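Input: a single structure, listed below in structure tokens.
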Amino acid sequence: MSRNAESTAFRSALEVVRGVEPRVADAIAAELADQRESLKLIASENYASPATLLAMGNWFSDKYAEGTVGRRFYAGCQNVDTVEALAAEHARELFGASHAYVQPHSGIDANLVAFWAILADRVESPALKKAQARQVNDLTEADWFALRRELGNQRMLGMSLDAGGHLTHGFRPNISGKMFDQRSYGTDPATGLIDYDRVAEAAREFKPLILVAGYSAYPRKVNFRIMREIADSVGATFMVDMAHFAGLVAGKVFTGDFDPVPHAHIVTTTTHKSLRGPRGGMVLCGPELADQVDRGCPMVLGGPLPHVMAAKAVALAEARRPDFADYAQRIVDNAQALADGLLRRGATLVTGGTDNHLVLIDVSGYGLTGRQAEQALLDSGIVTNRNSVPQDPNGAWYTSGIRIGTPALTTRGLGAAEMDATAELIHTVLSQTTPGTGPDGAASKAKYVLDPAVAESVGKQAADLLTPFPLYPAVDLG
Ligand code: DSN
């Protein structure tokens, strides 16, 4: 697409929206301006390409398409079949998977589909077998009761939240924590790294039905070959949630033992993080789980979003291009440059560095909580999010960590020199922020003191850092 075409497309779209509800058009334009101006270090965010964004804004949104390609509950799905099949084909080729299900609307939806597929495959229940064989009329009330009892309470072993695991891996604020009897494995308190012997020990003791690997705040690679061996040793199904690092797998930065696809029974992901696609989810698996996975809608998902599947097909096609591998490598190079810059200035990092796309700063080294640090950085034009650190004394709300990631800034083109400058800005803010007090004079975990002149100066330097790397350079909204 020519640069002119991109500008014309977005301008025309906004003009049409403005004709109906100008405040929405204004908010869309304001969002672009905000994203252009902020130093975005949220590890789970990125910037999708204009082609990906434009593939979503059309009449595919109007179509219902429950079911799967060629087997729909609605008529007239031939064009939806085309984009869904294309997205699945690109996903299979990109990740070397035998089956791809591209309907999930998000990461949690992808995980629910995977949980369903595993339960349906593994739970020994005559009632479930009848239900699966669509002999539901043969089931008595007692059968249904037994089925519900047997599907619930199954065991799941996943990474603990404060070690970097994800809510959907069996934690109480999520439905997975209510459905499953969950236990978690943490990290070695001395190194911050996964201790595979401890995981194996927990698996032997707990005998989970599902062993989950994957994280949203662990700054290191995971050895999936070892995790699979652990799963096999206790007869567990091995599931990997690669939502955060799918782009690094797609770009062949994570290969061999660190590529989950050849090792896991089932892999879930989002498509919008390091993979740089539209917001959404996806499941990859082998033939043994494919049939159950394909029942995702209507089993656990609402109607598929064909416009988003079209955008997934576009983004996955982009990720198959050779330059995506270069992008993925630069994400990691930038994260390491950022980590090195912070360490040289005296910051404490969980695990002492990174080998993926994210860095976790333990801001207790600056005398701050995560909440104070997050807000002080935001005041200075740096967008991050607070996160627990292992054995966090401040809990999940205030936290002691700041999670930063490089997928978005790498998309803009920033490199190692800018990462070092970013480390300097972060260190300046954190070292000049002090904890504040509440109205009663008592120490507060939320209040902080930062000289507004420092925040302003850092904000200006952050904006200057971004100037040579315009976001969506071809898009001029006038
Ligand atoms: N919300 C995503 C993240 O920030 O990591 C994960 O669900």
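Given the structure is predicted, the values throughout are model-derived calculations rather than measurements. Counting convention: from 1, in listed order, for ligands and their atoms alike.
Leu248 meets the side chain to side chain contact (heavy atoms under 4.5 Å, CB included) test with Phe245, Val253, Phe254, Ala328, Ile331, Val332, Asn356, His357; sequence neighbours excluded.
Side-chain atoms of Arg122 and Thr237 include a donor-acceptor pair closer than 3.5 Å.
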Inset, instruction - Given salt bridge (Lys or Arg N to Asp or Glu O under 4.0 Å), test Glu45 with Lys273 step by step and report yes or no. - result: CA-CA 5 Å; Glu45 293 187 6; Lys273 297 187 175 93; over 6 Å; no

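Counting heavy atoms from C-beta on, the side chains of Pro50 and Phe10 come closer than 4.5 Å.
For the pair Arg386 and Tyr398, the cation does not sit on the ring face, since its NZ or CZ is not both under 6.0 Å from the ring centre and inside 45° of the axis.
Aromatic rings from His427 and Tyr366 are positioned such that their centres are separated by under 6.0 Å.
Within 4.0 Å of ligand 1, counting heavy atoms only, the contacting residues are Ser44, His166, Ser216, His244, Lys273, Arg403.
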